[in-house]
Structures are given as C-alpha cells and as structure tokens.
Participant: 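Below you will find the structure I want to go over with you.
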Amino acid sequence: AQTVTQSQPEMSVQEAETVTLSCTYDTSESDYYLFWYKQPPSRQMILVIRQEAYKQQNATENRFSVNFQKAAKSFSLKISDSQLGDAAMYFCAYRSLSGTASKLTFGTGTRLQVTL
Amino acid sequence: DGGITQSPKYLFRKEGQNVTLSCEQNLNHDAMYWYRQDPGQGLRLIYYSQIVNDFQKGDIAEGYSVSREKKESFPLTVTSAQKNPTAFYLCASSLSGGHLYEQYFGPGTRLTVT
C-alpha cells in the first residue's frame with residue numbers, strides 16, 4: 001500500500017513571499033499521479049496542481065509549481081508571491097494507476113498561514 | 001450550475017442511531033467516493049463506486065454502508081457499528097476510465113454523535 005507523508009504540520013509565509021510545502025511518498029509502482037489539494041476554511045477541497053510521474057517536467061499553474069523528484073519520491077509545492085487567500089490546509093495526494101478507480105491516498109496536510 | 005451537493009452541512013445524532021448522509025452530483029460523473037476527515041489526519045477513503053449498482057470498500061469501510069441506485073446519488077449510512085462516527089465527511093465524484101481525471105469534492109457534512 002502506498003503512503004504519503006507531509007512532515008510540516010504548519011507553515012507560515014509573509015504576503016508576497018515564497019513558501020515550499022514538502023511531501024514524500026512511498027510506492028513500489030513506477031507510474032502514478034500526484035496531486036496537491038487546497039482546503040480553505042470553508043473546507044471545500046480544491047485541486048491546485050497535478051503531476052504525472054512519467055513526465056520529467058515539473059508542473060506549473062500560475063503561482064503554484066512543484067518540484068518532483070521521482071528517485072527521492074518527493075513532491076514539494078512552491079507557492080510564489082503568496083496571497084492572503086492562499087491561507088489553507090494543503091494536502092498532497094497519490095493516485096495509483098492499478099485499477100480504474102481514481103482512488104486517492106492523502107497525506108495528513110500542512111496548514112499554511114499567510115501574514116501581512 | 002454543475003456540482004456536488006451534500007446535505008445537511010451539520011448533523012447531530014444520538015449514539016446507537018443509524019444516520020444517512022446525502023451526496024448528489026449533476027456533473028454526469030460515473031465514479032463517486034466517500035471520504036472521512038479527522039483532525040490531524042488526511043482524508044481516508046470509506047467507499048467508492050465506479051458505476052451504478054456497483055461499489056467497493058475503501059480503507060475504512062467498517063461500520064458504513066452505501067448504495068448506488070442512481071448515477072447522480074451516492075448516499076452513505078453511518079451505522080451504530082461505527083465506533084467513532086464523529087467526523088467530517090466529504091463526497092467526491094470524477095469521470096472514470098482515465099487516470100488523471102480530477103476528483104471534484106462536495107462541501108462536506110460535519111457529523112456529531114453524542
């Protein structure tokens with residue numbers, strides 16, 4: 001079974017600065033997908049970014065980018081030019097390619113605070 | 001507007017009672033999922049369904065039951081056998097057959113059992 005570890009329960013960043021959230025995972029599979037989800041105080045889960053393991057190029061979505069290190073099984077999220085609206089819980093998730101269901105395995109989350 | 005609805009937002013029950021959480025989607029998604037979220041933990045999969053009239057257990061199915069009689073609906077019953085039912089429950093849906101299909105989440109139901 002796959003596991004996802006987020007070792008930073010809480011992080012803080014000043015507005016307009018850059019912050020990196022860490023995520024590591026354990027798997028014996030060679031092909032899979034990785035996701036970062038955001039959960040603001042409303043508790044609505046929102047997809048931030050996704051990465052296919054077979055792609056070497058790191059995914060980027062506006063101010064959000066990832067550093068995917070397949071050999072190290074690491075998948076960190078970088079938020080540039082942080083905004084107050086970025087304050088939320090961030091979850092890293094793993095998607096196995098075995099089977100057809102889009103089951104996700106989540107990490108325990110990192111709470112991001114954004115200060116003025 | 002297309003989306004996923006969960007009702008009610010807050011639910012209170014006495015211990016020993018079964019309770020059913022509603023999840024409806026109008027996204028025409030084949031697959032639907034139920035997750036449980038506890039403080040300090042990530043989301044854990046309870047049940048999932050890829051097509052109507054079919055569903056599979058997730059990682060923590062004990063004490064829960066589901067049905068999938070309609071494509072749009074995937075209700076979750078929390079039975080009295082569930083030892084720690086108080087939690088935040090999230091429903092999600094996605095297209096099936098493609099590995100990168102995003103899961104769309106509902107707003108969640110906070111269940112409190114006393």
Side-chain angles (χ1 to χ4, degrees), chain A residues 1-10 21-26 29-55 59 61 75 88-111, chain B residues 1 3-6 8-10 23 25 27 29-51 54-61 66 68 74 87-111:
Chain A
Q2 296 81 26
T3 58
V4 177
T5 301
Q6 293 179 251
S7 58
Q8 306 156 315
E10 290 191 13
L21 308 184
S22 301
C23 172
T24 59
Y25 56 93
D26 185 28
E29 298 176 333
S30 59
D31 207 5
Y32 45 86
Y33 291 112
L34 296 164
F35 302 84
W36 277 99
Y37 277 88
K38 170 184 178 181
Q39 187 179 43
S42 66
R43 306 200 77 170
Q44 178 76 49
M45 294 287 284
I46 303 164
L47 178 66
V48 175
I49 199 166
R50 72 190 87 188
Q51 173 81 42
E52 297 100 310
Y54 66 86
K55 287 188 177 179
E61 288 286 343
F75 183 59
M89 282 290 290
Y90 286 83
F91 292 96
C92 178
Y94 175 101
R95 157 79 166 105
S96 170
L97 293 191
S98 62
T100 56
S102 180
K103 294 187 295 179
L104 296 172
T105 300
F106 286 86
T108 52
T110 296
R111 182 175 302 281
Chain B
D1 287 49
I4 301 176
T5 57
Q6 292 185 245
K9 189 170 183 178
Y10 298 96
C23 177
Q25 54 97 1
L27 300 168
H29 286 169
D30 292 307
M32 297 186 74
Y33 315 81
W34 273 106
Y35 292 92
R36 169 181 173 140
Q37 186 177 19
D38 294 283
Q41 299 195 39
L43 281 66
R44 293 183 290 167
L45 183 65
I46 304 172
Y47 268 98
Y48 64 100
S49 168
Q50 294 177 255
I51 56 173
D54 184 57
F55 47 82
Q56 286 80 41
K57 293 181 179 180
D59 300 320
I60 55 166
V66 294
R68 187 84 188 277
F74 190 41
F88 186 65
Y89 291 88
L90 283 158
C91 178
S93 70
S94 72
L95 294 170
S96 62
H99 298 299
L100 198 53
Y101 288 139
E102 173 187 349
Q103 285 191 21
Y104 292 81
F105 285 82
T109 292
R110 172 68 182 175
L111 173 64

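Every chain is numbered from 1 and lettered A, B, ... according to where its sequence line falls, protein lines coming before strand lines.
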Participant: Can you tell me which of Arg43(A), Gln44(A), Met45(A) forms the most heavy-atom pairs within a distance under 4.5 Å of chain B?
Facilitator: Arg43(A)

Participant: Could you tell me which portion of Leu43(B) (side chain, backbone, both or neither) has an atom closer than 4.5 angstrom to a non-hydrogen atom of chain A?
Facilitator: both

Participant: Return the CG to OH distance between Leu47(A) and Tyr104(B), rounded to the nearest 0.5 Å.
Facilitator: 8.0 Å

Participant: Who pairs with Lys57(B) by salt bridge (charged side-chain N to carboxylate O under 4.0 Å, His left out), at least two apart in sequence or on another chain?
Facilitator: none

Participant: What residue in Arg111(A), Met89(A), Gln39(A) has the most heavy-atom pairs under 4.5 Å with chain B?
Facilitator: Gln39(A)

Participant: Test side-chain contact (heavy atoms from CB on, under 4.5 Å) on Tyr35(B) and Leu104(A); report intermediate values, then the result.
Facilitator: CA-CA 10 Å; Tyr35(B) 292 92; Leu104(A) 296 172; 3.8 Å; yes

Participant: When rounded to the nearest 0.5 angstrom, what is the spacing between CD in Gln37(B) and CZ in Phe106(A)?
Facilitator: 9.0 Å

Participant: Show every salt bridge (Lys or Arg N to Asp or Glu O under 4.0 Å) that has at least one partner inside residues 39-50 of chain B, sequence neighbours left out.
Facilitator: Asp38(B)-Arg44(B)

Participant: Given heavy-atom pairs under 4.5 angstrom as the criterion, report whether the side chain, backbone, both or neither of Tyr37(A) touches chain B.
Facilitator: side chain

